[in-house]
Amino acid sequence: MQAFTQLEGIVAPMDRANVDTDAIIPKQFLKSIKRSGFGPNLFDEWRYLDHGEPGQDNSKRPLNEEFVLNQPRYQGATILLARENFGCGSSREHAPWALLDYGFRCVIAPSFADIFFNNCFKNAILPVVLNDKIVDDLFSRVASVDGYTISVDLPEQKIITPEGDQIDFEVETFRKHCLINGLDDIGLTLEKSDAIKNYELRRKTEAPWLF
Amino acid sequence: MAQTLYDKLWEQHVVHTEDDGTSLIYIDRHLVHEVTSPQAFEGLHLAKRTPWRSESMLAVPDHNVPTTTDGAGIDDPVSRLQVTTLEQNCRHFGITEFGMSDPRQGIVHVIGPEQGATLPGMTIVCGDSHTSTHGAFAALAFGIGTSEVEHVMATQCLIQRKSKNMRVWVDGELRQGVTAKDVVLAIIGEIGTAGGTGYAIEFAGPVISGLSMESRMTVCNMAIEAGARSGMIAADQTTFDYLEGRPGAPKGTLWDQAVDNWRNLVSDAGAQFDHEITIDGNAILPQVTWGTSPEMVGSIDGNVPNPDEMADPVARDGTARALEYMGLEPGIEIRKIQPDLVFIGSCTNSRIEDLRQAADVVRGRQVAANIKQALVVPGSGLVKRQAEEEGLHQVFIDAGFEWRNPGCSMCLAMNADRLEPGERCASTSNRNFEGRQGQGGRTHLVSPAMAAAAAIAGHFTTPEDL
Ligand code: SF4
């Protein structure tokens, strides 16, 4: 996994609550057996006017000019500003894969759905929870300033706005450690193989029907 | 100290805990399907790793499989590749798979319990959010992403933090014609789609303990629609009776020993929950969703809301947007809504009891003329066989339904079963998101009996009013 330390980038606003993973990446693209290539189909049903299917040349498809990510001012955005319960619904990791492939490295919202939140950390995307008021405020600043750019500092757990505000955010120690160092969870867990084997031995006597 | 059911399940599975509370949790059962596993298997191959315990895994293709009965196989080459990739991976790593032609094939969350691969006290994961279904067996069951699928394959463990405890107590007694689906939709209507975020929900109370296992699975299936990764119900005699004799259930003295152990899988008297809510079971009426999120739900006697009457701007916009997508006038009566299609199936409602309930409603009647298509898709090959032995298939066929092969089908429309833009569907599935059943398709979530009633009447109504 790539590491995440600091990020400075344009913020794109996604101003609706309960954005689900079906909307982030529609199911027809889940037929792929790869992890990459989902970026052009991120938010497919909102982003294009026609119906998308895997294998199309997306550059030839009619764009929905109204859709936020199609507006010139948000081109190159790496930070997505969202509303409550972002990423609800299906567990598909294709959702963070699509966000990452498109170029997003950070999503800010008042709340996230659990599985999506977790999936982000496995893919070098930092989900940041900020309270409603701050998120509201960011939405209005993004709307009023073209190319609104903020900095996200994971080691310091701070967001720095162009106005000079410093917004603190929380992140679990272990997740932060993995993200900053780009660590592969599986390798870390396998270092505890003995503990896993001991656990299995004990459980085999306590609850033999499980094995 | 008095513990909740979730506390007990958690404690029994902790392998290691870090100082910040991050824990390594042991996983007893890993269910696998074709959509969320290929990248995980690829990861194993690339890192030259092998599954820690292949015997803990059970795989089945379900999302992409065709449900038509002509035996033609999968048309779409991309879907076909996903299904054959699962086959190859399972063969390579020695994982049990119920392939497309296996009579036991079906939706992963239907076959786990059916096979007794789901047992009380287990931790159960699957790369699918509706894994919460298995919590009906007093198991800790939740959906995971593909990186975690790979992690469980390689280590038999997951890195997790403990959730908070929530209890949803359903009091009283259900009215005639009100089913588990109505109960869970009413709960989601009450707490919202994010109401359970960060919690493990235990469903309890007289209504819940009076439910059959099929119905309990319907309730736990939709815990994720309330934002909770896992929903669970205490083990009792109903649980044991369902499991006894199933292929994966322990036998002989081991069975007795297991049942003794499982009797403890209940929340202790006086256990503390971080959040508790009570729902009056007597007040629940048959439910119909009207919007694009499961929390956008009302009872059959109600009306669709009017956004102009809403104070909160985010809710107002969300409602207006949903009604526009759904093609519904603000304020109209739910009974006036006319579906174009009816879908009875999905891991929420495709078990034998669901099919019996729907068949009871359609028996001797005809699907209304305005219904273009009415599908019944059993949850597994074994459910299908059982239904055919009971003659249910003939009841459906005589009424004008199509009787299909098992799979996810129109629940998410990854195979050929899908809505066309603007089509409206009465569906027994679990998600009414935009485009869920096909781009531009409009989904109303209901119980099997309500879907059957809508098929016969041509609009939403209760079976009693037919
Ligand atoms: S039936 Fe629907 S919800 Fe259930 S596993 Fe299949 S696609 Fe997912």
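Note that the structure is predicted; figures quoted are calculated from it, not measured. Within every chain, numbering begins at 1; the chains are lettered A, B, ... in the order of the sequence lines, protein sequences first and strands thereafter. Because only heavy atoms are used, hydrogens play no part in the values below, and waters and symmetry mates are left out as well, while side chains stay in.
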Under 4.5 Å from any heavy atom of chain A - which part of [X]:
X: B/Val314; result: side chain
X: B/Asp19; result: neither
X: B/Thr193; result: both
X: B/His13; result: both
X: B/Arg80; result: neither
X: B/Ile224; result: side chain
X: B/His16; result: side chain

If you tally heavy-atom pairs under 4.5 Å against chain A, which of [options] wins?
options: B/Met122, B/Glu148, B/Glu42; answer: B/Glu148
options: B/Gly227, B/Gly192, B/Gly198; answer: B/Gly198
options: B/Glu150, B/Gln160, B/Glu18; answer: B/Glu150
options: B/Gly121, B/Gly435, B/Gly248, B/Gly318; answer: B/Gly435
options: B/Ser37, B/Gly143, B/Ala258; answer: B/Ala258
options: B/Ala249, B/Ser56, B/Ala413, B/Ser163; answer: B/Ala413

Item to check | Top of A/Asn198, A/Asn85, A/Leu188, A/Asn18 for chain B proximity - count of heavy-atom pairs under 4.5 angstrom | outcome: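 Ranked by contacts with chain B, first place is A/Asn85.
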Taking the six-membered ring for Trp, are [X] and [Y] parallel (under 30°), tilted (30 to 60°) or perpendicular (over 60°)?
X: B/Tyr26; Y: A/Tyr199; result: tilted
X: A/Phe112; Y: A/Phe86; result: perpendicular
X: A/Tyr102; Y: A/Phe104; result: parallel

Item to check | residues 131-141 of chain A: residues contacting chain B (heavy atom under 4.5 Å, by number) | outcome: none
Next on the checklist: Has A/Asp114 got a side-chain atom pairing as donor or acceptor with B/Thr197's backbone, closer than 3.5 angstrom?
Outcome noted: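 No, the answer is negative, given that no donor and acceptor are paired below the 3.5 Å cut-off.
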Checklist entry - Taking the side chain from B/Thr155 and the backbone from B/Cys157, do they hold a donor-acceptor pair closer than 3.5 Å? => result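 Yes.
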Given heavy-atom pairs under 4.5 angstrom as the criterion, report whether the side chain, backbone, both or neither of [X] touches chain B.
X: A/Glu84; result: neither
X: A/Phe211; result: both
X: A/Arg203; result: side chain
X: A/Ala195; result: both
X: A/Ser90; result: both
X: A/Asp184; result: side chain
X: A/Asn118; result: side chain
X: A/Ser193; result: both
X: A/Lys34; result: both

Distance from [X] atom [atom1] to [Y] atom [atom2], nearest 0.5 Å?
X: B/Ile27; Y: B/Thr123; atom1: CD1; atom2: OG1; answer: 4.0 Å
X: A/Glu206; Y: B/Gln257; atom1: CD; atom2: CD; answer: 11.0 Å
X: B/Ile25; Y: B/Leu158; atom1: CD1; atom2: CG; answer: 8.5 Å

Between [Y] and [X], does any NZ, NE, NH1 or NH2 come within less than 4.0 Å of an OD or OE carboxylate oxygen?
X: B/Arg431; Y: B/Glu225; result: yes
X: B/Asp20; Y: B/Arg161; result: yes
X: A/Asp22; Y: B/Arg436; result: yes
X: A/Arg61; Y: A/Glu45; result: no

Checklist entry - Has A/Arg47 got its NZ or CZ under 6.0 Å from the middle of the six-membered ring of A/Phe67, at an angle within 45 degrees of the ring axis? => result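 No, cation not above the ring by the 6.0 Å, 45° rule.
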Next on the checklist: Would A/Arg16 and A/Trp46 count as a cation-pi pair here, with the cationic atom under 6.0 angstrom from the ring centre and within 45° of the axis?
Outcome noted: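 A/Arg16 over A/Trp46 ring: yes.
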Next on the checklist: Does B/Glu55, at its CD atom, have more than 12 non-hydrogen atoms belonging to other residues, nucleotides or ligands within less than 6.0 Å?
Outcome noted: yes
Checklist entry - Stepwise, does the side chain to side chain donor-acceptor pair (under 3.5 Å) test hold for B/Glu434 with B/Thr292? => result CA-CA 6 Å; B/Glu434 286 186 18; B/Thr292 52; 5.0 Å; no
